[in-house]
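Written below as structure tokens is the structure these notes are about.
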Amino acid sequence: NLNAAFFSSEWLKNVDGLYPLEVSEDWLDGKYERKALLAIQPRSIPDDEFNPLEYGLLVEVSLGSRVFKNTKEQLALQDEGITDESWYYVAMTMPTIVLFACVAMYFFLYLSKDTRDVSDVKRYALGQKRRVLGKLKDMKKFKGMKNHAYNELPTYRKNSKQS
Amino acid sequence: YVPVKKPKHTTTTTEVPKPWLRTISSTIKEIVTPTVIAGVTFSAKPLETPDPLQPWISLKKDGTPQTIKPEIKKGRTVKASPDYSTYFKTAYTTTYSYEDLQAHNMDADEHLEEEVFVDEDSTYISLNPVIRCTPDTYFKKGIARDISSEPFCTPRENSVLKVDHTYFVTWYTRFFRDEVTEETIDQVRLHLFAVKEKAHDKGFKR
């Protein structure tokens with residue numbers, strides 16, 4: 001019924017055939033967008049007999065995108081040297097904190113270089129890197145392998161052309 | 001480094017269209033006050049010398065106005081203001097007898113029935129520069145696009161109407177007729193109803 005309508009225009013002259021619909025934020029009921037049925041009721045149909053689905057159109061009411069641009073007023077203020085630089089402080093805060101932490105860390109490490117003992121960590125790390133496998137002859141797989149002793153390579157007397 | 005592009009300086013007028021006097025029905029005088037809605041001036045005073053290339057206001061699919069400027073190209077007018085055919089005319093059937101016409105190829109007892117179209121009263125229509133809705137400009141709505149949008153022409157179905165914007169809702173004025181007298185209904189009213197949406201109707205995640 002008509003009580004469900006969140007907007008109703010006044011009675012309009014049908015001969016105009018036109019109505020400028022200005023979308024209000026109140027229609028959204030706090031939402032970003034909302035589907036709505038646009039219906040037209042002729043004077044000849046009483047309110048209780050009116051069926052909005054008979055001659056209705058489905059439309060979407062939306063808050064729309066808000067594009068933040070410099071308005072003429074803001075540009076005029078900038079021309080006069082009045083700027084809102086709060087965003088600048090926010091943008092610079094995080095890199096400054098990181099830089100300060102890096103410098104503090106450097107000095108801390110520099111000052112504690114003589115009293116620092118990380119040998120256990122170093123040993124463990126190197127142990128992980130160079131794992132001792134043992135001698136080749138102790139390995140089951142290579143037990144039967146004959147490891148020949150080193151022999152000198154044969155040498156030959158050079159002929160006259162080679163020298 | 002991107003240089004800041006400043007908007008070009010535009011000259012805007014704060015001049016309010018002044019009321020003007022016109023004579024309707026040859027004797028009655030009336031003061032007409034122009035109104036500006038969404039940049040469109042309604043009830044503006046007609047030019048002293050009518051311009052055939054006078055701009056007119058068309059409507060986009062969502063009902064926002066756009067100015068169309070007619071041009072003459074190769075001797076023909078392009079983008080001329082729309083012709084509404086006989087949609088806003090009233091048809092009358094006039095019967096002529098042989099005595100009335102005295103046509104040489106007519107029998108004495110023969111009657112000629114001729115359909116005559118009479119233009120509507122343009123007293124108030126002429127003040128509207130926006131394109132009018134006719135059955136020619138209906139569109140198809142529904143999931144299968146098989147239902148006529150009558151009596152609406154704009155906005156199209158599922159148009160997005162943004163807050164703080166003005167959209168023109170247009171309908172065919174001769175759609176609603178009295179069942180008995182067949183006369184066009186004088187007054188109408190627009191309503192907006194909330195639609196209960198299912199989860200899958202709510203669109204994409206944002």
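Numbers restart at 1 for each chain; the letters A, B, ... are given by sequence-line order, proteins then strands.
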The interface call for A:Asp29 against chain B, heavy-atom contacts under 4.5 Å, is neither
Does the side chain of B:Arg189 come within less than 4.5 Å of A:Asp47's, by heavy atoms? yes
Most heavy-atom pairs under 4.5 Å with chain B, out of A:Arg43, A:Glu10, A:Gln41, belong to A:Gln41
Discussion item. Are A:Ile40 and B:Phe175 packed together at the side-chain level, in the sense that at least one heavy-atom pair is separated by less than 4.5 angstrom?
Written reply: no
| query | B:Tyr167 versus A:Leu38: any side-chain heavy-atom pair under 4.5 Å? | reply | no
Q: Check whether any side-chain heavy atom of B:Val163 lies under 4.5 Å from a side-chain heavy atom of A:Trp27, and answer yes or no.
A: no
Practice prompt. Tell me, yes or no, whether the heavy-atom count around A:Leu111 atom CG, taken from other residues, nucleotides or ligands under 6.0 Å, exceeds 12.
Written response: yes
Q.
With heavy-atom distances below 4.5 Å as the criterion, would you say the side chains of B:Pro151 and A:Tyr55 are in contact?
A. yes
message = Can you confirm whether A:Leu18 sits close enough to B:Thr170 that some side-chain heavy atom of one is under 4.5 Å from a side-chain heavy atom of the other?
response = yes
Practice task
Would you check, one step at a time, whether the test side chain to side chain contact (heavy atoms under 4.5 Å, CB included) holds for B:Lys141 with A:Leu57?
Solution key: CA-CA 8 Å; B:Lys141 63 174 184 175; A:Leu57 269 185; 4.0 Å; yes
Heavy-atom closest pair (A:Pro20 atom, B:Phe168 atom, distance to 0.1 Å) is CB-CE2, 3.6 Å
> Can you check whether A:Val23's main-chain N or O pairs, donor with acceptor, with B:Lys162's side chain at less than 3.5 Å?
Replying inline: no
Honestly, the part of B:Ile37 sitting under 4.5 Å from a heavy atom of chain A is side chain
Looking at B:Arg76, I want to see if its CZ is surrounded by more than 12 non-hydrogen atoms of other residues, nucleotides or ligands under 6.0 Å. no
Taking the side chain from A:Ser44 and the backbone from B:Asp178, do they hold a donor-acceptor pair closer than 3.5 Å?
-> no
So, the part of A:Ser24 with a heavy atom under 4.5 Å from chain B: the answer is backbone
The interface call for A:Ile45 against chain B, heavy-atom contacts under 4.5 Å, is neither
Any side-chain heavy atom of A:Leu12 sitting closer than 4.5 Å to one from B:Trp171? yes
Greatest number of non-hydrogen atom pairs under 4.5 angstrom with chain B, of A:Ala36, A:Gly17, A:Ser8, falls to A:Gly17
Separation between CG (A:Asp16) and CD (B:Gln187), nearest 0.5 Å, reads 11.0 Å
All heavy atoms of A:Ala39 vs all of B:Phe193, minimum pair found to be CB-CE1, 4.0 Å
Only one of B:Val195, B:Asn158, B:Leu161, B:Val169 passes side-chain contact (heavy atoms from CB on, under 4.5 Å) with A:Val59, and that residue is B:Leu161
Rounded to the nearest 0.5 angstrom, the OH-OG1 distance for A:Tyr19 and B:Thr154 is 14.0 Å
Whatever's closer than 4.5 Å to a heavy atom in chain A on B:Val130 counts as side chain
Turns out that what part of B:Ala38 lies under 4.5 Å from chain A's heavy atoms comes down to neither
Do the ring planes of A:Phe50 and B:His191 sit parallel (below 30°), tilted (30 to 60°) or perpendicular (above 60°)?
-> tilted
